[in-house]
Amino acid sequence: MTEQDNTQAGIIWLASYPKSGNTWARSFLFNLISILTGEDPSTRDINAVNERSIWDISARRYEEILGKPPKEAGREAVAAARPKVQEAIADELPGISLVKTHNALVMDRGYPAINTKVTSGAVYIIRNPLDVAISFSHHLGTTVDKAIARMGKKGLETPMTDESVHEIYGSWSENVLSWTRKPNPAIFVMRYEDMKSAPEKTFGALARHLLMSPTRDQLARAIELSSFERLQQKEEETGFKMKPKEAEKFFRKGQVDEWKEVLTTRQVQRIISDHGQQMVRFGYLPGNAQGDANNRPKPAAWATPMMTRRTS
């Protein structure tokens with residue numbers, strides 16, 4: 001990404017529960033890296049974001065290791081192959097590889113869903129589950145109640161398809177806790193709400209965590225090119241390949257506190273019942289939307305102490 005990358009190698013995970021701002025963060029990083037390397041990202045198609053960050057669930061990558069389609073091989077074989085696939089991704093580039101994941105930081109059938117041996121660090125993006133439920137329901141093409149039930153299901157795994165292997169989401173709470181349980185400076189934790197309300201501060205801290213030092217103008221330009229409104233416009237113009245067939249749009253609203261207008265009291269109570277402990281940690285209980293800054297986990301301060309630093 002920058003000249004500093006010559007001293008380190010490995011995967012930087014861009015991790016989150018679905019519909020929490022992962023693609024927004026990836027878009028920012030695509031634009032910032034492009035600007036820092038002298039390119040003009042404003043002329044690029046929205047799908048170009050995949051040129052600088054990838055998803056590790058491509059069935060093709062697993063078939064190369066398994067010698068057969070992953071659906072045919074089965075989930076245990078996929079779980080065993082996953083660390084090897086991630087190692088191959090890390091070895092593709094001499095420096096840092098940005099890899100998107102919705103996997104929780106857990107074991108899958110005795111194998112790690114995240115191969116920490118080839119990991120340099122991670123960014124974990126978290127969003128209020130009251131808003132996630134609404135966005136997730138549109139993403140899945142289902143009702144809010146079904147999305148809420150899905151978010152509360154412990155150990156949840158996604159289906160395997162001809163194009164992709166399964167991911168281990170867990171419940172929303174399991175996913176959040178797995179990445180934010182204990183202090184680890186290698187993992188940067190950022191809230192979706194802070195990305196909206198304080199973009200310069202939040203995205204600037206993200207850039208510094210990844211050892212990038214943009215000027216104020218470069219940072220502002222990258223944030224501008226990554227605005228939700230611009231992403232919506234780009235999707236309208238060219239379409240977005242990662243939009244599921246069930247969803248009308250990938251970039252729908254990106255609104256904070258939409259739950260206040262949409263969710264019923266019963267739905268709010270169900271989400272709090274399922275996830276209240278983690279909601280408290282990040283200031284998401286109703287009436288405490290911003291949370292207590294003294295009690296919330298700080299960016300780059302919470303995670304499992306598993307990450308290692310690879311050197312090239």
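Residue numbers run from 1 in the order of the sequence given.
- Side-chain atoms of Glu163 never come within 3.5 Å of backbone atoms of Ser58 as a donor-acceptor pair (strictly under, hydrogens ignored).
- Looking at heavy atoms from C-beta onward, Leu36 lies in side-chain contact with Gln218 at the 4.5 angstrom threshold.
- To the nearest 0.5 Å, the span separating CG on Leu105 from CD1 on Ile187 amounts to 6.5 Å.
- Here the closest non-hydrogen pair linking Gln86 and Asn115 is OE1-N, 2.7 Å.
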- [ ] For Leu29 and Met212, run side chain to side chain contact (heavy atoms under 4.5 Å, CB included): C-alpha distance rounded to whole Å, both residues' side-chain angles, the deciding distance at 0.1 Å, then the answer.
- [x] CA-CA 10 Å; Leu29 290 172; Met212 292 184 280; 3.8 Å; yes
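- Between Phe188 atom CZ and Leu210 atom CG the span is 8.5 Å, to the nearest 0.5 Å.
- Annotation: side chain of Asp257 is in contact with side chain of Trp259 (closest heavy-atom distance under 4.5 Å).
- Scanning all heavy atoms of the two residues, the minimum distance from Leu219 to Glu200 falls at CD2-O, 3.7 Å.
- You'll find the side chain of Ile54 stays beyond 4.5 Å of the side chain of Ser97, heavy atoms only.
- Ile57 contributes atom CD1, which lies 4.5 Å from atom OG of Ser164 (distance to the nearest 0.5 angstrom).
- Ion pairing between Lys201 and Asp194 fails under the 4.0 Å rule for side-chain N and carboxylate O.
- By the rule that hydrophobic residues join a cluster once side-chain heavy atoms approach within less than 4.5 Å of another member, Tyr111 and Val99 end up as members of separate clusters.
- Side-chain contact annotation: Asn175 with His102, donor-acceptor N/O pair under 3.5 Å absent.
- When side chains are defined from C-beta on, Pro112 does not count as touching Val106, because their heavy atoms never get closer than 4.5 Å.
- The CD1 atom of Ile148 lies 11.5 Å from the OG atom of Ser273; values are rounded to the nearest 0.5 Å.
- In this structure, Pro70 and Tyr62 approach most closely via the heavy-atom pair CG-CB, 3.7 Å.
- Using a 4.5 Å heavy-atom cutoff, the side chains of Trp172 and Pro129 are in contact.
- Remark: side-chain polar atoms of Thr202 are paired, donor with acceptor, to backbone N or O of Ala198 under 3.5 angstrom.
- Taking both residues in full, the closest heavy atoms of Arg75 and Pro159 are given as NH2-CA, 3.5 Å, listed atom of the first, atom of the second, then distance.
- Taking a 6.0 Å sphere around CD of Gln277, one finds it holds 12 or fewer heavy atoms contributed by other residues, nucleotides or ligands.
- Checked by atom type, the side-chain pair His275/Ser173 shows a donor-acceptor distance below 3.5 Å.
- Here the straight-line distance linking atom CZ of Arg82 with atom CD of Glu167 works out to 7.0 Å at 0.5 Å rounding.
- A distance of 8.0 Å separates CD1 of Ile12 from CG of Leu211, quoted to the nearest 0.5 Å.
- With Asn103 contributing its side chain and Ile168 its backbone, the two residues share a donor-acceptor pair below 3.5 Å.
- Side-chain N or O atoms of Glu174 include one that pairs as donor or acceptor with a backbone N or O of Ser171 at under 3.5 Å.
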* List the steps and the verdict of side chain to side chain contact (heavy atoms under 4.5 Å, CB included) for Val176 and Phe282. => CA-CA 10 Å; Val176 170; Phe282 290 92; 3.7 Å; yes
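- Classification of Lys71 and Asp162 as a salt-bridged pair holds, one side-chain N sitting under 4.0 Å from a carboxylate O.
- In this structure, Ile114 and Trp13 have side chains that are in contact, with non-hydrogen atoms separated by less than 4.5 Å.
- Between the side chains of Asn31 and Ser226, at least one donor N or O lies within less than 3.5 Å of an accepting N or O.
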Notebook entry, point to check: Run the side chain to side chain contact (heavy atoms under 4.5 Å, CB included) check on Lys117 and Glu87 step by step: do they pass?
Noted result: CA-CA 8 Å; Lys117 293 181 180 179; Glu87 182 176 2; over 6 Å; no
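- Between Glu224 and Arg221 there is a salt bridge, since at least one side-chain N of the basic residue sits less than 4.0 Å from a carboxylate O of the acidic one.
- In this structure, Glu72 and Leu66 have side chains that are not in contact, with every pair of non-hydrogen atoms separated by 4.5 Å or more.
- Within the structure, every pair that satisfies the side chain to side chain donor-acceptor pair (under 3.5 Å) test and touches residues 144-155, not counting sequence neighbours, is listed here: Asp145-Arg266, Asp145-Gln267.
- Side-chain polar atoms of Tyr284 and Gln278 form no donor-acceptor pair below 3.5 angstrom.
- Partner His166 forms a side-chain hydrogen bond (donor to acceptor under 3.5 Å, both in side chains) with one of Thr158, Thr161, Asp108 and no other, that one being Asp108.
- Sorted by first and then second residue, the pairs that involve residues 269-279 and meet salt bridge (Lys or Arg N to Asp or Glu O under 4.0 Å), not counting sequence neighbours, are Arg270-Asp274.
- Judged purely by atom type and a 3.5 angstrom limit, Ser135 has no side-chain atom pairing as donor or acceptor with the backbone of Val132.
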Exercise for the section: Please assess Thr101 against Leu14 for the test side chain to side chain contact (heavy atoms under 4.5 Å, CB included), listing each intermediate value before the final yes or no. Expected result: CA-CA 6 Å; Thr101 188; Leu14 303 177; over 6 Å; no
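- Looking only at side-chain heavy atoms (C-beta outward), Arg26 and Lys100 come within less than 4.5 Å of each other.
- The only member of His138, His139, Met151 that meets side chain to side chain contact (heavy atoms under 4.5 Å, CB included) when paired with Lys19 is His139.
- With ring centers used as reference points, Tyr169 lies under 6.0 Å from Tyr17.
- Counting all heavy atoms, side chain and backbone alike, Ala147 lies closest to Ala133 at CB-O, 3.6 Å.
- In this model, a donor atom of one side chain and an acceptor atom of the other lie less than 3.5 Å apart for Thr180 and Arg281.
- Counting all heavy atoms, side chain and backbone alike, Leu130 lies closest to Leu263 at O-CD1, 3.5 Å.
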